[in-house]
Every structure is written in structure tokens, then in C-alpha cells.
Amino acid sequence: MNPDIVRERENASFNLELLTNILDGGEDKTNRRREIESLVIGDPDFQHEDLNFMSRSERYDAAVKKSAQMILKLREYGISDPEEIYAYKRVARGEFQEPLGVHFVMFVPTLHSQCTPEQHQKWVPLAESFQMLGTYAQTELGHERFFDPCSCVHRGRPEPLDLHLGMFLPTLLNQSSPAQLDAFFMPAWNLEIIGTYAQTEMGHGTHIRALETTATYDPSTQEFVLNSPTISSIKWWPGGLGKTANHAIVLAQLYTQGRCHGLHAFITPIRCMKTHMPLPGVVVGDIGPKFGFDEVDNGYLKLENVRIPRENMLMKYAKVEPDGTYMKPPSDKLTYGTMVFIRSMIVGESARALSKSCTIAIRYSAVRHQSELRPGEPEPQILDYQTQQFKLFPLLATAFAFHFVGQYMSKTYHRISGDINQGDFSELPELHALSAGLKAFTTWAANAGIEVCRMSCGGHGYSRCSSLPDIYVTFTPTCTYEGENTVMMLQTARYLLKSYKQARAGQQLTGIVSYLNEPQSRLQPHSVSSRPAIVDINDLASLVEAYKLRAAKLVELAAKNLQGELQQRKSNEDAWNNSSIDLVRASDAHCHYVVVKLFAAKLSEVGDTAVHSVLSTLALLYALHGIALNSGDFLQAGLLNVPQLDHISQRLKALLSEIRPDAVALVDAFDYRDEMLNSVLGRYDGNVYENMFEWAKRSPLNHTEVHESQHKYLKPLQSKL
Ligand SMILES: CCCCCCCCCCCCCCCC(=O)SCCNC(=O)CCNC(=O)[C@H](O)C(C)(C)COP(=O)(O)OP(=O)(O)OC[C@H]1O[C@@H](n2cnc3c(N)ncnc32)[C@H](O)[C@@H]1OP(=O)(O)O
Ligand SMILES: Cc1cc2nc3c(=O)[nH]c(=O)nc-3n(C[C@H](O)[C@H](O)[C@H](O)COP(=O)(O)OP(=O)(O)OC[C@H]3O[C@@H](n4cnc5c(N)ncnc54)[C@H](O)[C@@H]3O)c2cc1C
């Protein structure tokens, strides 16, 4: 063990095991997670060469093999609780995974307790066979089967079956009629059907109303005819589409009786289930290498008069009768349900990616010595440089904050989607606004933070042995997929502005925007000098209040700017576009407030004094650092004055020093085993250099002492010169 890192751990002011328990949601959960992780770490079937030394094709092959092994092993061990599935997959998949706090085991007991005898007879055997398969659980609420899609999705390095598990199955479950579920779900469950979610086209990802793929109903054969009428209508990007999937949920414009009814979802066979060859009329393949996602065959799909039976349209909400009569869904946004689910879950992903990056950078900074702090003295640990602390500790605080926000978002998703499944759509707009905004806010921050962590490791951060490049390339598309972040922020802004108008009209708001009702939230403009500062920079409650007022102010500002544009007789659309910078700023401030508020609220659940103290320091650091970065907003709203900004800088420095002795213990509390981090720089024992040397020796270029290019090119060149 490296002596620096040993000393760091001895300095810790708190019991890190207690903090790990808080992150896991309880001591028993920590124990069970570790037990499950050990199942993988001790399993020779999951040992393989570092993926960084493999070609893309080899990586794809290894990922498919691993998926198949995982499915069999989860069944063999009888692991069926979603949280336990995550714990298992997190380790099996390597360095990019973490457990998810989803409590799903309650649903099977609900099935037993709430079904009518007929329902029981119909669904329980099905549900129990899923349990035996060990990767999913499902139940029935009222007449509708309720499925927790989280149980399908791992978090971490992407794999070819992600889309099958993360989007194809959830969409199938959320949008199928009972008969369709019976027809499609078991084959999909048993992987006879391997599915993907084919929405995005070459020409459109964001503006899904403009998608061009058509599904035209033919009542004479009771079939839909699917077509990709243009080059730009070719489906582009769906994961697993290129080589792995044999079915796709295709989002297409529905035409029946000569009318277009907008976007609907269709289960479309694309490859023969026996030979895996593309079916007639289907042109399918891999879109080629990307920035990352090497293991995943993101694909293209061109449909040429592909006929599918009427029953393949997902008909839980909208329907087409045999004669072609169209029946509307209760809400046309229900087609978008799967996206809301993944957005909600991505919030927790941000916490995972950032906490892993912080673990690597902080452990490495504790063992790396560089430069001279005081002449004649040994080189200090780089973690002792104030600038290094300023780079890393706010990110560490952010990782904790996002962890708690991720838990909240997941809980909120399950609560509201449970209501939706029972026919109550009242909270759907809030769920959409919250998940879209927090997805964008947390992924942007984590994405930038990972890169800061990488650079804080100097040159070695650039080596793949640090794992930081892999974390970055795997994580960065979360800013784009499932809704491009700016566009998501604008969706949240739409909800904020609507709520603001309702509050102005005297309507009582509920939920996370209820602050817009508070009279003090409707600040009157004050000149900065005349307004007394209202923030106590040492009091977290006061800072939460300041973030709330800043959000209220920026929502108001955006509303006024929009109004100003409209008064210049601009169309709604042009006025919106001309105000969109302000709108995104308002959404950002709103999300920032939510994060600070949730972090502060978490503290009240922490009983242990030492853990409470260190988490309070982190929460204060998170809040003050955010104010320092956005000081203009706080000054503009008259919430702070200029002398206070100076106090904040001083206080920030003091907080960095307070955190310094606990930094390594704090990242240890995330409890990532070396096998999960897969980072030479982030090793628990701190023995970086000798292991870096060993890692480099395994590089394929070192398999021979003299590379063949010497004989092929350089020797002939030398002889010619
Ligand atoms: C454990 C988990 C780990 C997960 C992490 C790891 C995963 C492991 C790897 C995965 C691998 C990658 C997987 C990527 C998979 C794709 O990326 S799939 C493709 C995803 N595509 C998108 O997200 C497209 C983004 N675009 C959109 O969502 C919509 O088109 C937009 C931008 C929201 C606009 O929609 P629109 O129909 O034009 O709506 P708009 O006119 O703006 O608004 C109409 C009304 O609908 C509402 N609305 C819009 N959308 C919604 C909605 N979704 N719900 C409710 N209401 C809505 C609006 O609020 C608005 O309400 P009002 O103000 O009128 O009351
Ligand atoms: C790794 C990866 C995996 C993916 N997997 C899938 C999958 O499985 N299935 C699937 O269907 N899709 C998938 N996608 C596609 C993904 O969902 C889309 O790329 C995403 O929704 C963004 O859409 P776009 O590419 O059309 O971006 P664009 O919308 O073209 O965005 C380009 C720029 O335009 C701006 N912009 C666009 N519209 C607006 C607006 N209204 N207001 C302001 N600015 C705007 C954006 O902010 C952005 O800066 C995947 C993508 C990636 C990268």
C-alpha cells in the first residue's frame, strides 16, 4: 500500500462506512451489494483482456458474450431484485457502473395482494416465470400491467443489448395492449426477440413531430405498410440496431383512411429469427465508428414497403380498428413515456460518472508528488495545491449532490408513473419538466467535471489506463441522447413560464414550482446598492433561499423578455426564439435551486455527527461555489453585494482546507472496487507507477520487439535515401 494513501485514510474525521450506507440507502443494502459484486469479481467467466487493447469488432464480440453470460448467471443465481441486478451488472460490465436505488421487489407482493382471481390466474404464472428468469419483475395494477423498466437497464459501459433492455422492452410494456403483451413480451424476455428503439432519423432527432417514416394502414390485408420515403428518413443511431436486434420499435407517422394521425410506435421484425438475415424490404447496418460506444452497433434502417400485421401497432392508448378507424389516446404525449423514463434515470448516471472520476483524480492526487512548494522540502502531494483542491473538491461536492438528486428523481419517476399507470395523468407535465431539466443540468455539469478530473491528472490522465477518457466518451452523449440538453432546458422553461403565468393569475401552484407563488419570489427591481444583502453565506438554509429567489428572478426576467418580444408584434415562435437564451438561463437556475435544496434536505436525514459535519461542509461548498460561478445573477437580483462576493471567495478557500483531510475517505465512501474503476491512477492501494508499467507492457504494439512496419516501410526508405 502506498504510504501517502495510508496516511490520508488515517486522517479521516468520519466513519466512511456510515457514509457508504447513506449512499446505498442502508447498511443491509451495502452488505448485499458487496455480496453480489463479489459474485462477479470471483467469476473466471468475466475475466478478459482490457478492452482498450481490443479492436472494435473484438469489443463488440466481448460485449455480446458478456451480456449472454450475465443473463444466464442472473437466472442461475436467482437474482431478480432490480437493485441487485444493477449491483451485479455494474461489476460484470467493468468500470462504468454503480447500483441504482430502485425498490421494485414490492411489485410482486402487490400482484399477489391486489389481483382479482381471474387476473391472478392470467398474470401470476407469467410474472413468476419472469422471476425465474431472474432479470425482471412485473406486476399488475388494476387492469394494467405495471412494469419497472429500471430493472432492465444497467448503468455503465454501454452494451449491444442496452436498447433491447432499456427502451424496447419498456416501450413494449408501457404501450402494448394486453394481447400484444402476450404475443411479444415472452419472446422478448427470452431473447428470441431482441429489440431496439428506432426513433431518430438521419434528418431529425429533436423535432420528432417531423419524422418522415410512414406506416400506412391497408384494411384489405389488415396490415401496416412501412416506408422510409427519403434519405433523411432513414433511421439512424438506434443502439443494437446494426447487428444485434431482430426487431425494432419503429416510430412512424400513422396514416389511415387517408389521414395522418402523427407519431405512433410499431413493432417491426427486421431480421429472420432463424437465420438473422435482414428480412425483405429491410436495409440495415452499423453506422460506423463514433467518439465512443465502441461496443454498441448503433445502426441504420431503411424500410421499403415492409408489411406488418395490424396487431403490431402498440395499442394500449391509441388504436386502429380493423376497418381503419382511428381511436385517439388520452394524451398524445404518452408515446414519449420511454424517453421520460431514461431521462429520469440519467440523473443518477451523472452522479456515478462524476463520482468515479473524482475517485480516480483524488486518489491519484494523493500519491502524485510534483514541483516545489517550499524550497528544499520534498515535493508535495499535488492534492496540497490550493488550485488542485479548487478543481476537484467542488466536483466531489457535486457528485454527492447529484447522488441525492438521482435518488429523488428515481423515486419521483416511480411515484408519478405509478399514477399514470392508474390513469391519473395530472403530474405528467411536472415529471416531464423535472426530468428534462435535471437530465440536462446534471449531465452538463458531470460532463465538464469529468474532463476537469482528467486534466487534473496531468499527462497520465490522457492515458486510457486512467479510465478517464473512457468515462468521458461513454458519458458525453448523455448530453445529446434522450433529448439534446438545450432543447430539454427549453422544455423545462416552457413549464416554468406556464407556471409563472398561472401564479400571476392567482392560481395556487403545487410541487417543485410552488415557490413561484410566494410573494417574495416576485422581486421588484432594486438597484444593487440600495438593496440590503439578504444572504448569510454560512447558513445553508439562507443559501437555499437565495437560490430560490435567483430562480424566481430569472423566470420573471425570461417572462418579461418574452413579453417584450411579443409586444413588438413578433409571432409567438419568433418571440420564443429571441428569448431562448434567457429561457435556458431560467431553467438552469431552477434546476440549480432544486439540487441545492435537495442536498440541504438530505442533511436532515443524517444522524451521525461526524458524517453530518462533513456532508454539511460539502453542501456549503457546493452552494457557495455555484454562487461564485454565477455571481452576476445573484448581484443582479440584489441577493448579494460585492463585499459578500469577497467573503465567499475567502470562505471557499477555508472550506477547501476543511475538506482536504477527508478527501480520500470521501471518495472511498463511494465504494468503487478496483475491478469496477479499472483505473491504474485510481487504484485503492495507490501503487500507480509499477502498475502503469505493467499495463503498458500489455499494449498490442509490445507483442513483438520489432514492428513489421520497420521492415515494410522504414528499412526500404532508408535504403532509398
Ligand atoms: C438505469 C438507467 C440508466 C440510463 C442511462 C444509461 C442507458 C444506457 C445507454 C443507453 C443508450 C442510449 C439511448 C439513447 C436513446 C435515444 O436517444 S432515443 C431518442 C430520444 N429522442 C429524444 O429524446 C427526442 C427529443 N425530442 C422530444 O422529446 C420532443 O420532440 C420535444 C423536443 C420535447 C418537442 O416535442 P413536441 O411534440 O414538438 O412538443 P412541444 O410542441 O414542444 O410541446 C407540446 C407539449 O408536450 C409536452 N411534452 C413534450 N414532451 C413531453 C413528454 N416527454 N412528456 C410529457 N409531455 C411532453 C410539452 O411540455 C408541451 O406541453 P404544453 O406546454 O403544450 O402543455
Ligand atoms: C450515442 C448515441 C446513442 C443514440 N441512441 C439512439 C437510439 O437508440 N434510438 C434513437 O432513436 N436515437 C438515438 N440517438 C439519437 C439521439 O436521440 C439524437 O441524436 C438526439 O435526440 C439529438 O437529436 P439530433 O441529433 O437531431 O440533434 P439536433 O436537434 O440536430 O441538434 C443540433 C443542435 O441544434 C440545436 N437545436 C435543435 N432544435 C432546437 C430547438 N428547438 N431550439 C434550440 N436549439 C435547437 C441543439 O441544441 C443542438 O445544438 C442516439 C444518439 C447518440 C449520440
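Note that ligands are numbered from 1 as they come in the structure, with each ligand's atoms numbered from 1 the same way.
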> Under 6.0 Å between the ring centres of H432 and Y495?
Replying inline: no
> Under 6.0 Å between ring centres, would you say that holds for F670 and F400?
Replying inline: yes
> Does any N or O atom in G205 lie less than 3.5 angstrom from one in ligand 2, N or O only?
Replying inline: yes
> Got a sec: does the NZ of K498 have more than 12 other heavy atoms crowding it under 6.0 Å?
Replying inline: no
> When you look for heavy atoms under 4.0 Å from ligand 1, do you find them on the side chain of V340, its backbone, both, or neither?
Replying inline: side chain
>> Give the atom numbers and elements of ligand 2 that come within less than 4.0 Å of a heavy atom of Q199.
In response: 11 (O)
> Are the side chain of H204 and the backbone of T200 linked by a donor-acceptor contact shorter than 3.5 Å?
Replying inline: no
> Does G205 have a non-hydrogen atom less than 4.0 Å from ligand 1?
Replying inline: yes
> Atoms of ligand 1 less than 4.0 Å from I208 heavy atoms?
Replying inline: 27 (C), 29 (C), 30 (O)
> Heavy atoms only: which of Q491, E349, H207, Q199 is nearest to atom 33 (C) of ligand 1?
Replying inline: Q491
> Should D294 and R59 count as an ion pair when the cut-off is N to O under 4.0 Å?
Replying inline: yes
> Do R33 and D671 sit within salt-bridge range, that is, some charged N less than 4.0 Å from a carboxylate O?
Replying inline: yes
>> Is it the case that ligand 2 has an N or O less than 3.5 angstrom from some N or O of Y481?
In response: no
>> Closer than 4.0 Å to some heavy atom of V487 - which atoms of ligand 1 meet that?
In response: 32 (C)
> With atoms numbered from 1 as shown, which atoms in ligand 2 lie under 4.0 angstrom from a non-hydrogen atom of P477?
Replying inline: 1 (C)
> Can you find a side-chain donor-acceptor pair between S579 and E565 that sits under 3.5 Å?
Replying inline: no
> F46 ring centre to K66 NZ or CZ under 6.0 Å, with the angle to the axis within 45°?
Replying inline: no
> Which atoms of ligand 2 have any heavy atom of N298 under 4.0 Å away?
Replying inline: 3 (C)
>> Show me which atoms of ligand 1 lie under 4.0 Å from any heavy atom of R494.
In response: 40 (P), 41 (O), 42 (O), 43 (O), 44 (C), 60 (C), 61 (O), 62 (P), 63 (O), 64 (O)
> Who's closest to atom 28 (O) of ligand 1 heavy-atom-wise, of R343, M345, E430, R209?
Replying inline: R343
> Any N or O of E482 that comes nearer than 3.5 Å to an N or O of ligand 1?
Replying inline: yes
> Relative to the heavy atoms of Y197, which atoms of ligand 2 are at a distance of less than 4.0 Å?
Replying inline: 7 (C), 8 (O), 9 (N), 10 (C), 11 (O)
> Heavy-atom contacts under 4.0 Å between L490 and ligand 2: side chain, backbone, both, or neither?
Replying inline: side chain
> When you measure from atom 57 (C) of ligand 1 to each heavy atom in M488, H432, K439, E484, which option holds the nearest one?
Replying inline: H432
> Which atom pair, heavy atoms only, marks the closest approach of A558 to A586?
Replying inline: CB-CB, 4.2 Å
>> Quick test of your reading of the model: are R56 and E295 salt-bridged, counting only N-O distances below 4.0 Å?
In response: no
> What part of T486, side chain from CB on, backbone N/CA/C/O, both or neither, has a heavy atom under 4.0 Å from ligand 2?
Replying inline: side chain
>> Side chains of E201 and T213 only: does a donor on one sit below 3.5 Å from an acceptor on the other?
In response: yes
> Is there any N or O on G239 that sits under 3.5 Å from an N or O of ligand 2?
Replying inline: yes
>> Using a 3.5 Å cut-off on N or O atoms only, is W236 in polar contact with ligand 2?
In response: no
> Would the H264 and Y326 ring centres measure less than 6.0 Å apart?
Replying inline: yes
>> Need the ligand 2 atom indices (1-based, order shown) with element for anything under 4.0 Å from a heavy-atom of T480.
In response: 19 (O), 20 (C), 21 (O), 22 (C)
> Which ligand 1 atoms does K498 reach within 4.0 Å, using its non-hydrogen atoms?
Replying inline: 62 (P), 63 (O), 65 (O)
> D297 and T244: side-chain donor and acceptor closer than 3.5 Å?
Replying inline: yes
>> Counting only nitrogen or oxygen atoms and a 3.5 angstrom limit, does H204 reach ligand 2?
In response: no
>> Is there a polar contact between ligand 2 and E484, counting only N or O atoms under 3.5 Å apart?
In response: yes
> Less than 6.0 Å separating the ring centroids of F224 and Y255?
Replying inline: no
